[in-house]
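Presented below is the structure to which this report refers.
Throughout, protein chains are lettered first and strands after them, A, B, ... in sequence-line order, and every chain is numbered starting at 1.
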There are 2 protein chains.
Amino acid sequence: MLSIGTLAKRTGTKVQTIRYYEQIGLMPEPGRTEGGQRRYGEAGLDRLAFIRHARQLGFSLEAIRELLELSDSPERSCAEVDAVAQRQLREVEARITRLEALRAELRRMVAECDRDRVADCRVLEVLRDHEECLTDHGKATS
Amino acid sequence: MLSIGTLAKRTGTKVQTIRYYEQIGLMPEPGRTEGGQRRYGEAGLDRLAFIRHARQLGFSLEAIRELLELSDSPERSCAEVDAVAQRQLREVEARITRLEALRAELRRMVAECDRDRVADCRVLEVLRDHEECLTDHGKATS
DNA sequence: TGCCTATCCTACAGTCACTGTAGACAAGGA
DNA sequence: TCCTTGTCTACAGTGACTGTAGGATAGGCA
């Protein structure tokens with residue numbers, strides 16, 4: 001039987017996080033010792049590892065809840081699981097695209113700045129005078 | 001004189017968000033009408049646009065606070081501003097690297113799954129049996 | 001001038017996924 | 001037995017907003 005601290009170490013999770021997962025119903029309520037401490041079996045360890053790995057892949061706790069429910073009903077179609085994974089993949093791809101655009105703008109910003117006084121700083125200038133930002137919203141929505 | 005709603009529209013910000021920025025001291029307290037409504041000048045609009053643009057580039061509110069303070073002292077060295085931007089660039093690059101790894105794993109996961117029952121689903125299998133997750137923490141930290 | 005509606009006000013609670021804290025109790029080894 | 005380490009509950013805090021309730025104000029039109 002494993003204590004909550006052991007589970008935490010094995011999965012790289014904080015103890016509080018495990019209790020939090022229990023609180024929101026992602027982890028089942030485990031058995032307790034006479035003194036009231038949680039004791040887990042292998043099933044608990046596996047479930048937590050599943051949750052942590054899915055979190056590392058960027059799945060939201062809601063998506064993980066869905067995945068866990070699906071994996072608890074082994075006769076259902078794999079397509080639903082696949083859909084969740086595909087959705088996650090698309091989200092990750094969108095985030096990458098967005099971050100690549102940010103990276104380009106930041107690189108340009110940093111590369112252009114070679115003055116020495118803040119008053120002439122290109123970085124601040126770019127941040128200040130991003131015309132599209134004002135016009136996009138100002139003109140498009142009025 | 002611009003109302004908070006006009007500022008919101010021009011910069012693509014929610015009204016509550018502007019009030020929030022004021023609350024945490026990012027936006028200065030503006031003048032008020034007799035009836036107590038906020039009225040902004042061009043300076044307020046510029047400052048908000050600066051904040052929103054920096055947010056779009058992924059800067060945290062704390063970083064933006066730093067940038068705003070620097071831009072308020074035009075005689076200081078531009079190097080500090082540059083450092084903030086460089087730090088942000090490195091963070092964005094790190095996030096991209098991480099997301100690309102996620103993308104690869106998600107793609108592999110999705111590509112491998114062609115069964116029809118959840119019981120045989122590769123996606124769930126990958127999520128369940130990620131050996132490194134258990135061993136990394138279990139063996140490295142004990 | 002009166003009215004009406006859109007906008008504005010404050011204050012507070014909720015979101016997500018944790019993280020930290022306080023004060024008390026339990027487990028296990030020397 | 002004592003002592004340290006681990007665990008317990010309950011609650012508050014994080015970042016960056018977002019939403020809601022219940023009321024006051026501004027500005028246009030008849």
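Proximity of residues 30-39 of chain B to DNA chain C (heavy atom under 4.0 angstrom from any strand atom) is restricted to B:Arg32, B:Gly36, B:Gln37, B:Arg38. Of the residues in residues 92-102 of chain A, none lies under 4.0 Å from DNA chain D by heavy-atom distance.
In this structure, the NZ atom of B:Lys14 is 13 Å from the C1' atom of D:dA16, given to the nearest Å. Between B:Ile51 atom CD1 and D:dG15 atom P the separation is 16 Å, expressed in whole Å. The CG-P distance, from B:Leu61 to D:dT18, rounds to 11 Å in whole Å. For the pair A:Lys9 NZ and D:dT7 C1', the computed distance is 13 Å after rounding to whole Å. As a whole-Å value, the separation of B:Leu57 CG from D:dA16 P is 14 Å. Atom CE of B:Met1 is separated from atom P of D:dA26 by 15 Å (rounded to the nearest Å). The interatomic distance linking A:Glu22 (CD) with D:dT7 (C1') rounds to 13 Å, in whole Å. Taking atom CD of residue B:Gln23 and atom P of nucleotide D:dA16, one finds them 14 Å apart after rounding to whole Å.
Distance SG/A:Cys78 to CZ/B:Arg122: 11.0 Å, rounded to 0.5 Å. Separation of atoms CG (A:Leu68) and CD1 (A:Ile51) is listed at 5.5 Å; rounding is to 0.5 Å. One distance of note links CG of A:Leu106 with CZ of B:Arg87; it measures 12.0 Å at 0.5 Å rounding. One finds the CD1 atom of B:Ile64 at 11.5 Å from the OG atom of B:Ser71 (value rounded to the nearest 0.5 Å). Considering OG1 of B:Thr11 and CG of B:Leu48, their distance stands at 4.0 Å, rounded to 0.5 Å.
Contact between A:Val81 and B:Cys121 at its shortest, heavy atoms only, is CG1-SG, 3.6 Å.
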Worked check of side-chain contact (heavy atoms from CB on, under 4.5 Å) between B:Arg55 and B:Leu61:
CA-CA 7 Å; B:Arg55 284 294 297 144; B:Leu61 292 184; 3.5 Å; yes
Inset, instruction - I would like to know whether B:Tyr40 and B:Asp46 meet side-chain contact (heavy atoms from CB on, under 4.5 Å); could you show each step before the answer? - result: CA-CA 10 Å; B:Tyr40 298 88; B:Asp46 290 348; over 6 Å; no
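Between B:Glu62 and B:Gln16, the residue anchored nearer the 5' end of DNA chain D, judged by the nucleotide with its closest heavy atom, is B:Glu62.
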Distance-only donor-acceptor pairs under 3.5 Å for side chains of residues 90-104 of chain B, two or more places apart:
| from | atom 1 | to | atom 2 | distance (Å) |
| --- | --- | --- | --- | --- |
| B:Glu93 | OE2 | A:Arg107 | NE | 3.2 |
| B:Glu93 | OE2 | A:Arg107 | NH2 | 2.8 |
| B:Thr97 | OG1 | B:Glu93 | O | 2.9 |
| B:Arg98 | NH2 | A:Gln56 | O | 3.3 |

Donor-acceptor pairs under 3.5 Å, side chain of residues 19-27 of chain A to any protein atom, not counting sequence neighbours: which ones?
| from | atom 1 | to | atom 2 | distance (Å) |
| --- | --- | --- | --- | --- |
| A:Tyr21 | OH | A:Arg52 | NH1 | 2.7 |
| A:Glu22 | OE1 | A:Arg38 | NE | 2.8 |

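Looking only at side-chain heavy atoms (C-beta outward), B:Leu57 and A:Met109 come within less than 4.5 Å of each other.
Proximity of B:Tyr21 to the phosphate of D:dC17: a side-chain N or O atom is located under 4.0 Å from OP1 or OP2. In this model, the phosphate group of D:dT18 is approached by a side-chain N or O of B:Thr17 to a distance below 4.0 Å at OP1 or OP2. Dashed line: the shortest gap from a side-chain N or O of B:Arg19 to OP1 or OP2 of D:dA16 is not under 4.0 Å.
Taking a cutoff of 4.0 Å between a charged side-chain nitrogen and a carboxylate oxygen, A:Arg65 and A:Glu69 do not qualify as a salt bridge. Under the 4.0 Å criterion applied to side-chain N and carboxylate O atoms, B:Glu125 and B:Arg128 are not assigned as salt-bridge partners. The pair A:Asp72-A:Arg47 counts as a salt bridge, with a side-chain nitrogen and a carboxylate oxygen less than 4.0 angstrom apart.
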Check: protein-nucleotides 21-23 of chain D nitrogen or oxygen pairs below 3.5 Å:
none

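Using a 4.0 Å heavy-atom distance criterion, B:Ile4 is classed as a sugar-phosphate-only contact.
Along DNA chain C, read 5' to 3', the first and last nucleotides having any atom under 4.0 Å from a heavy atom of chain B are C:dC8 to C:dT10.
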